[in-house]
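Below is one structure, written out as structure tokens, with a few remarks after it.
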Amino acid sequence: MQIEMRGINKSFGGNAVLKNAGFLLDHGEIHALMGENGAGKSTLMKILTGVYTKDAGQVIVDGQEVCYKNPQEAEKAGIVFIHQELNVLFDLTVEENMFLGKEIRNRFGICDKKAMRAEVKKILDRLGVKISPEQKMSELSVGQQQMIEIAKALMVDAKVIIMDEPTAALTQSETEVLFQVINSLRKKGVSIVYISHRMEEIFQLCDRITVLRDGAYIDTKRIADTDMNDVVKMMIGREIGERYPSRNVKIGEVALKVENLTCPGVFKNVSFEVHAGEVLGVSGLMGAGRTEIMQAIFGNMPHVTGKISLYGKEIQNHSPEQAMRNGLGFITEDRKTEGLMLEESIRKNISLANLGRISRHGVINKKEEQDLVKKGIEELHIKCFGPEHESNNLSGGNQQKVVFAKWIYTDPKVLILDEPTRGVDIGAKKEIYHIINDLAAKGVAVIMVSSELPEVLGMADRIMVVREGLVRGVLSKEEANQENIMILATGGNLNE
Amino acid sequence: MNKQKTINKIQDMGALIALVLLVIVIGVISPEFRTVGNFLSLLRQSSINGLIAFGMTAVILTGGIDLSVGSVLALSTALCAGLIANGMPVGAAMLLALVIGTGLGLISGILVTKGRLQPFIATLVTMTVYRGLTMIYMDGKPISNLGDSFTLKVVGKGNFYHIPIPVILFILIFVLFMFILEKTTFGRRVYATGSNAQAARLAGVNIQRTKMAVYAISGAMAALSGLILLSRLGSAQPNLGDGYELDAIASVALGGTSMNGGRGRIWGTFVGVLIIAVLNNGLNILGVSSYYQDVVKGIVILIAVLSDRKR
């Protein structure tokens with residue numbers, strides 16, 4: 001199947017996400033779609049598969065202009081999108097998941113388990129994976145779940161499979177299995193659109209690369225004709241130096257010291273320290289336990305043992321409330337579910353973490369609240385109509401700034417940032433980096449968890465790498481590069 | 001923004017417009033309805049449901065529900081009557097009833113938080129158990145030998161400048177709730193808990209304490225409501241307050257509070273309470289049979305909730 005997308009435009013509420021985007025997918029090729037977060041890769045693919053409707057442009061499949069109204073229609077045509085967040089019902093079995101909504105029924109209208117199981121087995125054998133159709137989805141590893149998604153695509157006889165960050169949660173060996181499967185699919189004439197941030201993988205696996213930037217098509221190159229630096233330049237459009245504002249802060253004494261933090265089955269013997277005025281980057285693959293470690297430090301995980309001290313004094317963080325009182329702040333990974341009350345105003349969101357500051361004897365001082373919120377909106381350049389603007393209607397970057405405003409006025413001694421720029425456009429990203437630098441300059445110890453290696457490399461003074469719940473190493477600025485981090489994150493050793 | 005505000009305001013007014021329309025329609029049909037005396041008695045009747053509905057609003061704002069209010073009312077009233085009949089000073093017995101009601105509500109709150117039960121199930125349990133305890137304590141029979149204490153009578157039957165004491169209580173508690181929910185940090189925590197519990201928790205809100213507090217408040221309101229009933233009836237009945245949770249929940253829903261929590265206003269509940277009271281009172285005066293009354297009430301609630309969904 002050959003797909004051409006031309007001149008695609010798409011905006012959400014006045015915010016142009018795609019501006020003249022497009023690409024050309026050939027029969028039986030593995031085509032990498034690259035670009036920074038917010039470059040429009042996923043949006044482009046969602047338009048192809050009918051999740052979104054385009055504002056302008058053409059989608060041509062095998063010479064025919066098409067416009068799928070929904071993913072089901074695209075699927076019928078043979079185009080399947082495997083999303084990063086897998087579409088899995090954990091309490092059901094493999095077979096039930098694969099046949100969800102398209103169960104084989106016998107002539108009495110009753111599900112024919114036997115036939116479905118046989119079909120599942122046939123497809124899984126074809127993929128060369130050993131999973132029983134009767135296993136519960138929750139018993140499978142993330143890699144195996146990914147295989148089930150691919151099996152689902154094969155079941156509907158997909159000619160094009162779109163994969164969004166398929167290896168983000170996979171171990172090295174699972175990734176290798178996935179690559180074998182992808183290669184064998186290509187031999188059978190299936191085309192793959194491969195969305196990933198991982199350069200090494202793309203250069204190992206793909207035939208061609210298309211780069212998008214700020215919603216626009218930049219270029220398509222054959223892998224043989226390009227190299228990583230070239231691709232990065234296309235993705236960013238300028239030198240990397242500018243993206244991360246420099247910081248000239250004298251690093252002070254140890255602020256937070258974590259010793260032997262353990263949560264059985266999640267992470268073990270985590271020890272590290274952060275200094276005042278320092279930004280400690282935390283790297284690792286998805287599911288490595290980074291977020292869980294941070295949640296534990298902030299008192300939001302049960303059954304945690306170990307010692308946490310702040311400026312030499314041991315503290316107990318058994319609840320977020322306690323951690324806050326001890327002088328910690330936490331900007332969570334998912335602002336929509338953990339960071340914001342989406343249906344509430346900017347005012348109520350910012351003041352929630354500052355209620356003690358703006359009240360006397362439990363009664364809120366309206367003026368102090370207004371002043372605080374106005375200060376936040378001004379200092380962090382939150383683009384909004386005013387304090388009563390509902391958080392739901394803000395762009396990702398401005399939502400994130402609201403979350404920052406909520407925390408920085410609590411005057412934290414240690415601020416933990418979990419994926420602080422996820423889903424934030426490039427301009428707002430830089431503003432957030434400035435905010436982080438300002439905090440460090442004020443002597444706040446900053447811990448920054450991020451999956452974006454360039455961001456960690458650009459912002460952190462030191463980088464801690466976590467793999468499968470263990471701290472694999474802490475790299476100084478001099479030692480740190482993409483390669484070293486990936487080696488540690490995937491289980492290798494640096495001195496080999 | 002301003003446009004949106006105006007739209008919100010009009011939608012907020014929906015329940016109020018419905019109330020005014022109901023009053024006009026019933027008032028036009030029935031001369032008996034549109035008398036000062038009837039309005040005062042209507043308000044007095046509404047205070048029983050009103051106090052319960054205020055407590056219920058706080059619970060529902062956190063994303064919970066309290067089915068136990070009718071049983072809390074019955075049990076605290078029964079104990080109060082029993083204590084008075086056994087010679088305890090009336091004032092002390094009434095205060096104790098409030099404390100007991102608070103405690104009974106708190107137990108529901110503990111089941112919801114520490115016991116991690118769904119609010120619906122937790123309060124279904126306490127509703128059943130408290131009703132059973134009431135029956136056991138009263139042996140299924142009313143307690144009526146309460147003497148004729150002034151304190152007891154004044155709560156339900158007294159007037160202050162021609163305004164019934166229950167109505168004054170109703171309005172005072174309304175203002176108190178408005179203050180607590182709108183102006184205090186506790187109120188902010190109640191809304192935050194219902195709006196996004198996880199985000200609130202991570203912002204340092206003690207979710208469990210907030211939830212326990214609203215169930216305790218709901219229990220206290222049920223007990224206070226029970227004292228008014230005790231005063232008016234002059235006796236405690238084992239089946240007192242049966243089904244009161246439904247009118248209270250209906251009032252909250254009519255007032256536009258989201259059953260998922262996080263959104264709603266106490267004055268909406270105030271209007272909702274009045275709508276229920278006008279319906280009860282008006283349909284009675286119009287001589288509509290009680291079977292039809294329930295159907296009409298149901299339909300009014302349905303219309304109100306459907307129009308609310310457009311938000």
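Letters A, B, ... are given to chains in the order of the sequence lines, protein chains preceding strands, and every chain is numbered from 1. Reckoned from all heavy atoms, side chains included, excluding hydrogens, waters and symmetry mates.
Chain A is approached within less than 4.5 Å, heavy atom to heavy atom, by no residue from residues 168-176 of chain B. Contacts between residues 201-221 of chain B and chain A, counted as heavy-atom pairs separated by less than 4.5 Å, involve R201(B), L202(B), A203(B), G204(B), V205(B), N206(B), R209(B). Using non-hydrogen atoms only and a strict 4.5 Å limit, the part of residues 400-407 of chain A facing chain B consists of K406(A), W407(A). Of residues 335-344 of chain A, those residues lying under 4.5 Å from chain B by any heavy-atom pair are K336(A), T337(A), E338(A), G339(A), L340(A), M341(A), E343(A), E344(A).
A distance of 12.5 Å separates CG of N365(A) from OG1 of T185(B), quoted to the nearest 0.5 Å.
For R360(A), the CZ atom sits in a packed shell: over 12 heavy atoms of surrounding residues, nucleotides or ligands are nearer than 6.0 Å. Within a 6.0 Å radius of CD in Q118(B), no more than 12 heavy atoms belonging to other residues, nucleotides or ligands are found.
Contacts of T410(A) with chain B are absent, with no heavy-atom separation under 4.5 Å from either backbone or side chain. For E369(A), the part lying under 4.5 angstrom from a heavy atom of chain B is the side chain only.
Residue I364(A) forms a side-chain contact (heavy atoms from CB on, under 4.5 Å) with just one option from E182(B), K183(B), R188(B), and that option is R188(B).
When each of Q295(A), M324(A), E321(A) is checked for heavy-atom pairs under 4.5 Å with chain B, E321(A) comes out on top. Put simply, of A353(A), G386(A), G362(A), G329(A), the one with the most heavy-atom pairs under 4.5 Å next to chain B is G362(A). Counting heavy-atom pairs closer than 4.5 Å to chain B, the top residue among L352(A), N300(A), D334(A) is N300(A).
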